[in-house]
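What follows is a set of notes on a single structure, which appears directly below.
Values below: every heavy atom of this structure, side chains too, minus hydrogens, waters and symmetry copies.
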Amino acid sequence: MVDEETLRVAEALGAIRCSASAAEEELHAQVAQALEAAGIGAAHEVRLAPRCRIDFMAGGIGIEIKKKRPERAKLIAQLARYAACPQVRALIVVAPRGVNLPRRIGEKPVTMLALERLWGISLP
């Protein structure tokens with residue numbers, strides 16, 4: 001079950017509207033802006049352990065950003081390293097294309113936010 005803090009962060013990230021060709025740096029900037037606009041404090045490029053750095057931490061929520069559709073096995077292994085860190089209570093993955101992920105990794109809830117689902121028809 002997803003807690004209230006994770007829902008709040010996921011809702012803020014759900015406001016992101018980026019192009020399919022956005023660079024990873026642009027995605028990082030949009031995540032930072034979305035969190036700030038929602039009044040959610042976040043740290044960027046957080047070192048969780050040696051050779052283990054996550055893109056953002058918003059409270060106990062770890063946020064990992066992928067530019068392309070991530071390779072499932074590698075992403076799960078990466079998330080397992082993050083989930084093993086005590087400061088991480090939940091994980092959110094932001095990527096243009098979704099990947100089928102387990103609901104929990106290392107007893108920590110995992111949410112996949114596929115930006116392709118946020119793309120819509122833009123009218124003038």
> Nearest 0.5 Å, what's the NZ-CD distance between K67 and E26?
Replying inline: 8.5 Å

>> To the nearest 0.5 Å, what is the distance between CZ on R97 and CE on M112?
In response: 11.0 Å

> Step by step, would you call V9 with L35 a side-chain contact (heavy atoms from CB on, under 4.5 Å)?
Replying inline: CA-CA 7 Å; V9 171; L35 294 170; 4.0 Å; yes

> Does anything in residues 30-48 pair up under salt bridge (charged side-chain N to carboxylate O under 4.0 Å, His left out), and if so which pairs, sequence neighbours excluded?
Replying inline: E45-R53

>> With side-chain contact (heavy atoms from CB on, under 4.5 Å) as the criterion, how do T6 and I92 come out once you've worked through the C-alpha distance, each side chain's angles and the decisive distance to 0.1 Å?
In response: CA-CA 8 Å; T6 304; I92 297 175; 4.1 Å; yes

> Applying side-chain hydrogen bond (donor to acceptor under 3.5 Å, both in side chains), which residue pairs with at least one partner in residues 74-86 are found, sequence neighbours left out?
Replying inline: E64-Q78, E64-Y82, K66-Q78, Q78-Y82

>> With a 3.5 Å distance limit and no angle check, can you tell me whether R72 reaches the backbone of V99 through a side-chain donor-acceptor pair?
In response: no

> Are the side chain of K108 and the backbone N or O of A83 linked by a donor-acceptor pair below 3.5 Å?
Replying inline: yes

> Do the side chains of V93 and T111 get nearer than 4.5 Å, heavy atoms only?
Replying inline: no

> Are L91 and I54 close enough that some pair of their side-chain heavy atoms sits under 4.5 Å apart?
Replying inline: yes

> What is the minimum heavy-atom distance between I63 and A58, and which atoms define it?
Replying inline: CD1-CB, 4.3 Å

> Among all residues two or more places apart in sequence or in another chain, which pass the side chain to side chain donor-acceptor pair (under 3.5 Å) test with E11?
Replying inline: none

>> Let's go through V110 and I105 carefully: what are the C-alpha distance in whole Å and the side-chain angles of both, what is the deciding distance for side-chain contact (heavy atoms from CB on, under 4.5 Å) to 0.1 Å, and is it a yes or a no?
In response: CA-CA 7 Å; V110 176; I105 296 176; 3.8 Å; yes

>> If you define the side chain from C-beta out and look only at heavy atoms, does anything of V94 sit under 4.5 Å from L27?
In response: no

> F56 versus V31: any side-chain heavy-atom pair under 4.5 Å?
Replying inline: yes

>> What verdict does the side-chain contact (heavy atoms from CB on, under 4.5 Å) test give for I65 and H28, after you've listed the backbone C-alpha separation in whole Å, the side-chain angles of each residue and the deciding distance to 0.1 Å?
In response: CA-CA 7 Å; I65 300 167; H28 280 247; 3.9 Å; yes

> To the nearest 0.5 Å, what is the distance between CG (L13) and CZ (R8)?
Replying inline: 11.5 Å

